Amino acid sequence: MNATPTAAVLLTAPAAVPLLAAAAYALTPVRSLRPDPVRVRAREPVGVGVSGGPTKVGGSGGPAKVGGSGGPAGVLPGQTTGSPAGRPLVRREPPHSPHSPCFPRRRPAVRAGLLSPLVILLCGALLAVRVLRTGPLTACSGLLRADALSAWMLLLVGAVALIACASAPAYLAGERAAGRASRRTTWRYQLLVQAFLAAMSLAVVTANLGVLWVAVEATTIVTAFLVGHRRTRASVEAAWKYVVICSAGIALAFLGTVLVYYAARQAGVAESWALDWPTLVAHADRLDPAVTRLGITLIVLGFGAKAGLIPLHAWLPDAHSQAPAPVSALMSGVLEPPRVR
């Protein structure tokens with residue numbers, strides 16, 4: 001195993017960059033959380049005070065008329081409205097207009113959301129090359145480790161995340177145009193997706209069973225808020241079902257982790273290495289068979305519930321039907337037991 005500065009960068013960047021992106025979103029929401037302004041265009045009044053013109057504004061003793069007598073009383077999007085006192089005419093922009101606040105725009109913050117998937121994908125590719133040449137890589141005193149499976153999982157996470165993050169701006173713009181989202185929910189969506197990518201990348205590159213449990217639990221918390229993104233009755237119900245079933249599974253996985261730690265300590269493994277995957281494999285012949293079997297069984301059942309394995313998949317239909325489309329793609333493509341050895 002190789003522990004070099006380059007390996008440390010390649011192993012920490014997939015989790016560190018999305019975490020920094022999530023922190024950046026969390027620290028810069030103030031100005032973007034104001035209500036969407038109503039964009040209007042002012043026009044000079046046409047034919048003010050001229051009788052017989054096509055448009056009369058504020059005539060004596062009567063309301064403003066647009067387009068001559070007999071015109072519609074209401075004002076449709078894109079039409080002009082007048083005011084008594086000779087004030088400028090105002091045209092309201094329709095929702096599909098490029099000047100409307102619901103029209104999708106490529107803001108710098110949206111482009112920044114693509115940085116994390118690109119970093120994950122790049123690090124996965126570089127790790128795959130280095131692992132094939134030199135073998136597994138380690139960093140942070142063995143806490144992080146990459147082998148061929150880890151590199152493959154990073155490539156998968158990065159590829160799916162890149163597609164999901166690239167399609168998110170158009171999806172969120174459609175949600176805002178339909179009135180199902182606001183600037184606040186859009187900001188929260190971007191923050192949670194970056195946090196999800198950080199937790200998932202950490203689960204992939206860690207060599208410690210305890211850190212793996214923490215990372216998978218973090219993905220449960222984050223995706224629960226993403227499933228209930230719309231805050232409708234159905235989405236909240238799906239989020240609660242997801243939290244209850246996955247939390248029960250994670251609790252089983254935690255109990256299994258404790259049993260594996262106990263078996264490792266009884267076999268004479270030091271505390272700091274009792275949950276290290278390579279160390280457990282090296283001392284497998286000295287582990288208590290009964291305790292180890294029970295612990296591994298609970299771990300498989302617990303993480304299996306998180307992955308939606310039969311018969312622990314009751315949360316899948318509701319969660320995927322209510323989650324935003326890019327989030328559903330992330331859950332389907334990368335939210336599975338990330339370390340199977």
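Values below: every heavy atom of this structure, side chains too, minus hydrogens, waters and symmetry copies. From a predicted model like this one, the values you see are computed outputs, not experimental measurements.
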If we ignore hydrogens and angles and just use 3.5 Å, is the side chain of Thr223 paired with the main-chain N or O of Phe196 as donor and acceptor? no
Check whether Leu144 and Leu149 end up in the same hydrophobic cluster, where Ile, Leu, Val, Met, Phe, Trp and Tyr are linked by side-chain heavy atoms less than 4.5 Å apart. yes
Closest non-hydrogen contact found for Gly142 with Thr138 is CA-CB, 4.5 Å
Please check: side-chain N/O of Thr257 versus main-chain N/O of Ala253, any donor-acceptor pairing under 3.5 Å? yes
Within the structure provided, determine whether Gln266 and Asp288 are in side-chain contact (heavy-atom separation under 4.5 Å). no
Are any of the side-chain heavy atoms of Arg230 and Val236 separated by less than 4.5 Å? no
If two hydrophobic side chains count as joined below 4.5 Å and joins carry through other members, does Ile296 share a cluster with Ile250? yes
For a side-chain contact (heavy atoms from CB on, under 4.5 Å) check, start with the C-alpha distance between Leu137 and Thr134, then their side-chain angles and the critical distance, and finish with the verdict. CA-CA 8 Å; Leu137 305 174; Thr134 62; 3.8 Å; yes
Spell out, yes or no, whether Tyr262 and Phe254 are grouped together once hydrophobic residues are joined by side-chain heavy atoms under 4.5 Å, including indirect joins. no
Let me confirm one number: the CG-CZ distance from Leu259 to Arg293, rounded to the nearest 0.5 Å. 13.5 Å
Gap separating the CG atom of Leu330 from the CD1 atom of Ile163, nearest 0.5 angstrom: 10.0 Å
Treat each ILVMFWY residue as a node, draw an edge where side-chain heavy atoms are under 4.5 Å apart, and state whether Val205 and Leu20 are in one component. no
Identify the two heavy atoms, one from Leu287 and one from Thr292, that lie closest to each other, and give their separation to 0.1 Å. CB-OG1, 3.4 Å
Residue set satisfying salt bridge (Lys or Arg N to Asp or Glu O under 4.0 Å) with Arg231, at least two apart, ordered chain then number -> none
How are the rings of His320 and Trp315 set relative to one another: parallel (under 30°), tilted (30 to 60°) or perpendicular (over 60°)? parallel
Any chance you could lay out the side-chain contact (heavy atoms from CB on, under 4.5 Å) test for Thr186 and Arg176, step after step, and finish with the verdict? CA-CA 9 Å; Thr186 300; Arg176 291 181 61 185; 3.6 Å; yes
For the CZ atom on Phe225, are there more than 12 heavy atoms of other groups (residues, nucleotides or ligands in this structure) within a distance under 6.0 Å? no
Side chain to side chain contact (heavy atoms under 4.5 Å, CB included) with Leu122: which of Val119, Leu118, Leu126? Leu126
Which value, rounded to the nearest 0.5 Å, describes the distance between Ser247 atom OG and Leu252 atom CG? 11.0 Å
Going through the checks in order, is the side-chain contact (heavy atoms from CB on, under 4.5 Å) test met by His229 and Val327? CA-CA 10 Å; His229 173 74; Val327 174; over 6 Å; no
With the 4.5 Å side-chain cut-off for hydrophobic clustering, are Val193 and Ile221 part of the same group? yes
In sequence, state the C-alpha distance, the side-chain angles, and the governing distance for Leu212 and Leu209, and then conclude on side-chain contact (heavy atoms from CB on, under 4.5 Å). CA-CA 5 Å; Leu212 171 63; Leu209 186 57; 3.9 Å; yes
So, does Ser201 use its side chain to make a donor-acceptor pair with the main chain of Ala198 at under 3.5 Å? no
Shortest non-hydrogen contact from Leu154 to Ile120? O-CG2, 3.5 Å
In short, salt bridge (Lys or Arg N to Asp or Glu O under 4.0 Å) pairs touching residues 309-319 with sequence neighbours left out are Lys241-Asp318
Hey, are the side chains of Asp147 and Arg145 touching, using non-hydrogen atoms and a 4.5 Å cut-off? yes
Any side-chain heavy-atom pair from Val204 and Pro14 closer than 4.5 angstrom? no
Here the pair of heavy atoms bringing Tyr242 nearest to Thr220 is CE2-O, 3.5 Å
Using modelled atom types only, decide if a donor and an acceptor are shared between the side chain of Ser332 and the backbone of Ala329 within a distance under 3.5 Å. no
If every non-hydrogen atom of Pro326 is compared with every non-hydrogen atom of Ser167, which pair is closest and at what distance? CG-OG, 4.0 Å
Inspect the contact between Glu217 and Lys306 and indicate whether a charged nitrogen and a carboxylate oxygen are less than 4.0 angstrom apart. no
Interatomic distance, CG@Leu226 vs CZ@Arg188, rounded to 0.5 Å, equals 9.5 Å
Just how far is it from atom CG of Leu192 to atom CH2 of Trp187, taken to the nearest 0.5 Å? 8.5 Å
Side chain proximity check, Ser150 to Leu127, heavy atoms < 4.5 angstrom: no
Can you name the nearest heavy-atom pair linking Pro18 to Gln194, along with the distance? CB-O, 3.4 Å
Which residues end up grouped with Val269 if you chain together Ile, Leu, Val, Met, Phe, Trp and Tyr wherever their side-chain heavy atoms are less than 4.5 Å apart? Trp273
Rounded to the nearest 0.5 Å, how far apart are CG of Leu19 and CG of Leu202? 9.5 Å
Thr279 side chain to Leu275 backbone, donor-acceptor under 3.5 Å: no
